[in-house]
Amino acid sequence: MKYLIAEDEIDLQQSIVTYLQRDGNICEVASNFEEASEKVSIYDYDAIILDINLISGSGLDVLKIIKKEKKRAGVIIISANNSLTDKLQGLDLGADDYITKPFHLAELNSRIKAVLRRGKYGGDEIMVFNEIKIDTKSRTAYINHKAIALTRKEYDLLVFFISNKGRVLSKEIIAEYLWGDDSDLLDNFCFIYVHINNLRKKLTAEGAKYIKTAYGSGYKFIED
Amino acid sequence: MSKKTKLIKKTSKSFLITGFILIVLSSIILYFYTRNLLQNEIEESLYSTEARVVFAIENNKIQFSLPPVTEIKKVNKLKRKILKDTVIYDASQDEMELFRELTTFKNINGENYQITVRNLVVESENILLGIVISNFAIFLISFIFLYYLNTSRNLKLWKPFFKNLEQMKQFSLTSKKPIQLIESDVLEFSELKMQIETLTQKVQTDYENLKQFTEDVSHEMQTPLAIIQAKIDNIINAHEINDKQFKQITSIQKDIQRLKQLNKRITILTKIDNNQYINVSSIHLTHLINDKIDSYKGLNINNISCNSTEVLMVSMDSYLADILINNLFSNAIKYSRKKDKILINTTKNSLTISNIGDKALVDPEKLFNRFYRESNKNYATGLGLAIVKKICDLYQFKISYQFKANHHIFSIEF
């Protein structure tokens, strides 16, 4: 996949690039409004990660250009502003998703993939990892064409794992992904073990042993 | 605090007291002065009568007495003159009357005479009383008149003051409107008005600046936080680190999460202040509560139960309703043990949430203050209940807290 990361904070931009490149994606960057406007009108991308507050202009204006040029690219807005109006404005202008700073790269990655999967932008509704196949439209997971019964959280967890395959996911990231702000209600993350273990058991029963423990308290979805 | 008296009442009261003292004092002085005057008059007339009697005796014109007015007696020895009051039966009036009496001893034409002259005092007493009463009446009437005149004049005079006071009472920091005060031709009031305007303006700008600052800080913090978070995400993926380092890094993630929460809550507070939640709709709070309880079950929090006798519907912003319930719940969850029941009760216009606690709060009145924490556990931001209070204030809901029978109880009346 080919991504454009339009973000004026170079450190953040480079971190995003580093994370996304691990899947073999091609990442181009734009560090200001002019660069971003130019790149979106000349080149084609599968997904554009667009900061609203670009140093010399608004990301929303870049979004207008994308829509005017009828570019077939998924757009995910990143913003420091958690306001609902900004969010609605961005989505009204045709953005596909909206994420507020600070965010986990794993979360951004899984949002990008979710946008791409919606089919419009060169993605596929079907996620495949070896013998695991997930139909994201019907929210069903198959192992060797056999449907496996997963709870809602287990399903979300599996999608999150496969989206971020090969990366270490800490319990904190998983908790935040699955429960958002509510995750800070819990003193410990025992409940995460419960969900992960259940998912792991269901996968292992079908021979899919991909959930590995990393560093004692993190997880990694990976082939041996 | 001691009991406060109204300004008009106070000035009227002192006016009345002064008036009363003046009436009494002037009446007393007038009484003694007139009495003295009358007495002198009587004595003068006594002396003049006596002189006439002496003159009459000297010329052998009279030798008779006319009791009680005049008595002439021949005596052997001369004594000193006596001036005194005496009570004598007056046959004409058929009663005892008070007389002023002058007794002198004189040697006239070689013989010793005792001459006694008297004058009735009764009439002078009546005159005295009449003077005092009319004085009293005149004073009283003029004071009553002056009192009403004064009060109404004072009311008029102080009108700008009271009007402006009323304006100040209605002054709200959160509204951006400047305070509307009325001008007065009284110098002090005019000065007061100017000072109040300057002060409120300053307070308002300071408040705005502070709000802006808070907003800016929380906003500006998000980008560096995003950078830290992104870098950490990459460190755990790109580098070979050991378990201990991983633990430390994930603990940094936890702290970032705390800052995120803090930021989010500050933003909510600022937005409520800025009146940015304006989509009021009818919210089915009982539904919302039951949904929340269900979603907490996924987090393995199963100790919450809702006891609804009636359905609770409230008009408010749906996002704020969500935050309100969320914050009340998370507060109860954070401060109770996993096994302890958290009870929610809703009626048609109230909501109660209670959880078991060992002891009452040390400072319950600070409970809704920003950054107040009863204990340091659970990484509380100290803003959850401040937000709850702010939301309640926004919609004029009445929130209260009490500790009863080992339960922390929060109630909201809608």
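For clarity, every value in this text was computed on a predicted model and none was experimentally measured. Quick note on labels: first sequence line is chain A, next is B, and so on, each numbered from 1.
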TODO: Give a yes or no on this: more than 12 heavy atoms of other residues, nucleotides or ligands lie within 6.0 Å of atom CG of A:L91.
DONE: yes
Task: Engaged part of B:I249 at the chain A interface, taking heavy atoms whose separation is under 4.5 Å - done: neither
Task: A:K39 atom NZ, over 12 foreign heavy atoms within 6.0 Å - done: yes
Open item on the list: Would you say NE2 of B:H284 has more than 12 non-hydrogen atoms from neighbouring residues, nucleotides or ligands within 6.0 angstrom?
Closed with: yes
Task: Listed partners of A:Y177 passing ring pair (Phe, Tyr, Trp, His ring centres under 6.0 Å), at least two apart - done: A:F160
- [ ] Kindly determine whether B:T250 and A:K171 satisfy side-chain contact (heavy atoms from CB on, under 4.5 Å), including the steps that lead there.
- [x] CA-CA 8 Å; B:T250 48; A:K171 278 182 301 176; over 6 Å; no
Task: Residue selection (most heavy-atom pairs with chain B, distance under 4.5 Å) from A:A106, A:G166, A:G218, A:S170 - done: A:S170
Open item on the list: Between B:Q257 and A:E172, does the side-chain contact (heavy atoms from CB on, under 4.5 Å) criterion hold? Intermediate values first, please.
Closed with: CA-CA 9 Å; B:Q257 166 77 358; A:E172 286 77 13; over 6 Å; no
- [ ] Please state whether the side chain, the backbone, both or neither of A:L178 comes within less than 4.5 Å of a heavy atom of chain B.
- [x] neither
Task: Residue, of A:D51, A:L105, A:I16, that accumulates the most heavy atom pairs under 4.5 Å with chain B - done: A:L105
Task: Residue A:R152 versus chain B: region with a heavy atom under 4.5 Å - done: neither
TODO: Check each atom of A:N53 against the heavy atoms of chain B and say whether the ones under 4.5 Å are side chain, backbone, both or neither.
DONE: side chain
Task: Donor-acceptor contact present, side-chain A:D11 to main-chain B:I227, <3.5 Å - done: no
- [ ] Check the pair B:Q229, A:K101 against side-chain contact (heavy atoms from CB on, under 4.5 Å), reporting the backbone distance first and the verdict last.
- [x] CA-CA 9 Å; B:Q229 179 126 66; A:K101 288 180 191 174; over 6 Å; no
- [ ] Check B:N234 against A:S15 and note the closest heavy-atom contact, atom names and distance.
- [x] ND2-O, 2.8 Å
Open item on the list: Counting neighbours of NZ on A:K212 that are heavy atoms of other residues, nucleotides or ligands and sit closer than 6.0 Å, is the number greater than 12?
Closed with: yes
Task: Among the listed options B:I256, B:I236, B:N242, B:I241, the residue most often paired with chain A at heavy-atom distances under 4.5 Å - done: B:I241
Open item on the list: Looking at B:K341, I'd like to know if its NZ atom is crowded, meaning that more than 12 non-hydrogen atoms belonging to other residues, nucleotides or ligands lie closer than 6.0 Å.
Closed with: yes
Task: Pairing residues for A:Y215 by the ring pair (Phe, Tyr, Trp, His ring centres under 6.0 Å) criterion, not counting sequence neighbours - done: B:F246
Task: Student check: side-chain heavy atoms of A:E176 and B:K260 closer than 4.5 Å - done: yes
Open item on the list: Would A:I173 and B:D233 count as a side-chain contact (heavy atoms from CB on, under 4.5 Å) here? Give the steps.
Closed with: CA-CA 9 Å; A:I173 295 178; B:D233 286 351; 3.7 Å; yes
Task: Which atoms of B:N263 approach chain A - backbone, side chain, both or neither, heavy atom under 4.5 Å - done: neither
Open item on the list: Are more than 12 heavy atoms, taken from residues, nucleotides or ligands other than A:Y43, located less than 6.0 Å from that residue's OH atom?
Closed with: no
Task: Atom pair NZ/OG1 of B:K264 and A:T100 - distance to nearest 0.5 Å - done: 8.0 Å
Open item on the list: Let's test your reading of the structure: which of B:I228, B:N237, B:I232, B:L225 forms the most heavy-atom pairs below 4.5 Å with chain A?
Closed with: B:N237
